[in-house]
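Notes for the one structure printed next.
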Amino acid sequence: MSRKRILSGMQPTGELHLGNYLGALANWVRLQDEYEGFFCIVDQHAITVDYDPRVMPSRVLDMAIAYLAAGIDPTRSVVFVQSAVPEHTELAWYLSTVTQYGELGRMTQFKDKSDQHQDNVNAGLFTYPVLMAADILLYRATHVPVGDDQTQHLELTRNVAHRFNTRFGKPLFALPQPVYSNTPRIMGLDGLRKMSKSLGNHIAMLEEPKPLWKKLASAYTDPQRTVLEEPGRPEICNVYRMHTALTSAEKIPEIERQCREASWGCGHCKKELQSSLEATLGPIRERARALRADVGQVHEILADGNARARREAQSTLEEVRALMGMTGGAK
Ligand code: AQP
């Protein structure tokens with residue numbers, strides 16, 4: 001393998017939000033310069049919670065458009081769909097035999113998701129991290145971009161890879177390293193919880209300017225700053241935190257000063273944030289619009305990515321089957 005390789009993916013469960021963009025996608029876009037990127041739309045993960053099969057194809061397409069509009073470059077990176085590469089689920093089965101029941105039970109995401117979806121605590125939700133390990137190991141990714149909620153899954157992947165290599169006597173899988181996001185966590189507009197679409201506290205990545213301003217105008221700030229004269233406390237203000245992720249670094253000291261000296265009201269500070277958001281999201285929105293007007297091109301990119309991913313996956317799976325004695329009866 002000539003270059004270091006990253007693999008990452010997102011579930012096609014609905015519109016992407018600013019947290020997904022800053023915490024994951026923007027990072028992937030930057031990493032393309034240094035790594036060979038495999039960016040997957042993980043539709044098989046998305047079916048571990050209730051979903052509508054009729055809308056899944058359009059969600060996958062929306063996700064592909066979002067990846068490309070955000071700056072994933074299909075001439076440098078592989079953009080593909082998990083279910084188009086059946087080797088993911090085959091490898092997951094093999095890896096499940098070197099994964100312990102107890103270690104899956106300790107996954108905090110399983111605990112959270114089974115609390116959230118008490119009427120559907122299915123086995124897929126429980127074995128989800130094994131499929132995720134297969135996603136990564138199938139492409140022998142050397143690195144995995146992670147947000148702060150995925151460290152535990154990557155650790156499991158490393159343990160499973162190590163156990164497989166030891167059990168079958170060959171260092172087939174490199175133990176993937178984490179690459180941490182520059183913006184590991186964006187808080188929601190309520191300022192209290194992680195930005196999340198199920199909490200309804202999000203700004204969509206493709207949000208149009210008018211609804212964006214409406215959301216921003218009611219965003220939580222420093223609760224003590226109810227009148228203009230009160231000095232602000234940027235360290236506890238979520239709008240300020242968003243500035244640090246979106247506004248150019250040279251402007252940040254000025255924003256901090258205007259807040260502490262109470263020379264700007266919160267409305268002014270939000271207007272500044274609105275223009276930073278527009279500078280980042282406006283061009284993405286335009287590219288998404290152009291891609292949507294030419295979905296044939298998006299389908300071609302996916303077909304090409306699926307084929308490239310499949311070739312890699314098949315070559316890994318051949319080695320896995322041989323090591324595990326899954327030869328179809330041949331010697
Ligand atoms: N608030 C966030 N800040 C930074 N990064 C975030 N990510 C998600 N939320 C934030 C990163 O986005 C990628 C996909 O994560 P996910 O699978 O948790 O995304 P999601 O399920 O679409 O996010 P939601 O909105 O939280 O979904 P619901 O509410 O439906 O469960 C990951 O890299 C994650 O770190």
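As a basis for the values below, the full set of heavy atoms in this structure was taken, side chains included, without hydrogen atoms, waters or symmetry mates. Because the structure is a prediction, the values reported are computed rather than measured. Atoms within each ligand, like the ligands themselves, are counted from 1 in listed order.
Of the polar atoms of R185, none of the N or O atoms is found under 3.5 Å from an N or O of ligand 1, judged by distance alone. Of the N or O atoms in M10, none lie within a sub-3.5 Å distance of an N or O in ligand 1. For a threshold of 3.5 Å applied to N or O pairs, the pair formed by M195 and ligand 1 contains at least one separation below that value. Inclusion of N20 in the set of residues having an N or O under 3.5 Å from an N or O of ligand 1 is warranted.
Every heavy atom of S181 sits 4.0 Å or more from the atoms of ligand 1.
The closest non-hydrogen atom to atom 32 (C) of ligand 1, taken over R193, Q150, M63, comes from Q150. Between the choices H45, K113, Q11, the shortest heavy-atom distance to atom 31 (O) of ligand 1 belongs to K113.
Here H17 has side-chain heavy atoms under 4.0 Å from ligand 1, and that is the only part of it that gets that close. Neither the backbone nor the side chain of P145 comes within 4.0 Å of ligand 1, counting heavy atoms alone.
Closest to atom 3 (N) of ligand 1 among all protein heavy atoms lies I186 N, 2.7 Å.
Taking the six-membered ring where the residue is Trp, H268 and W264 present parallel rings, their angle staying beneath 30° rather than reaching 60°.
Partner of E278 under the salt bridge (Lys or Arg N to Asp or Glu O under 4.0 Å) criterion, out of K271, K210, R285: R285 alone.
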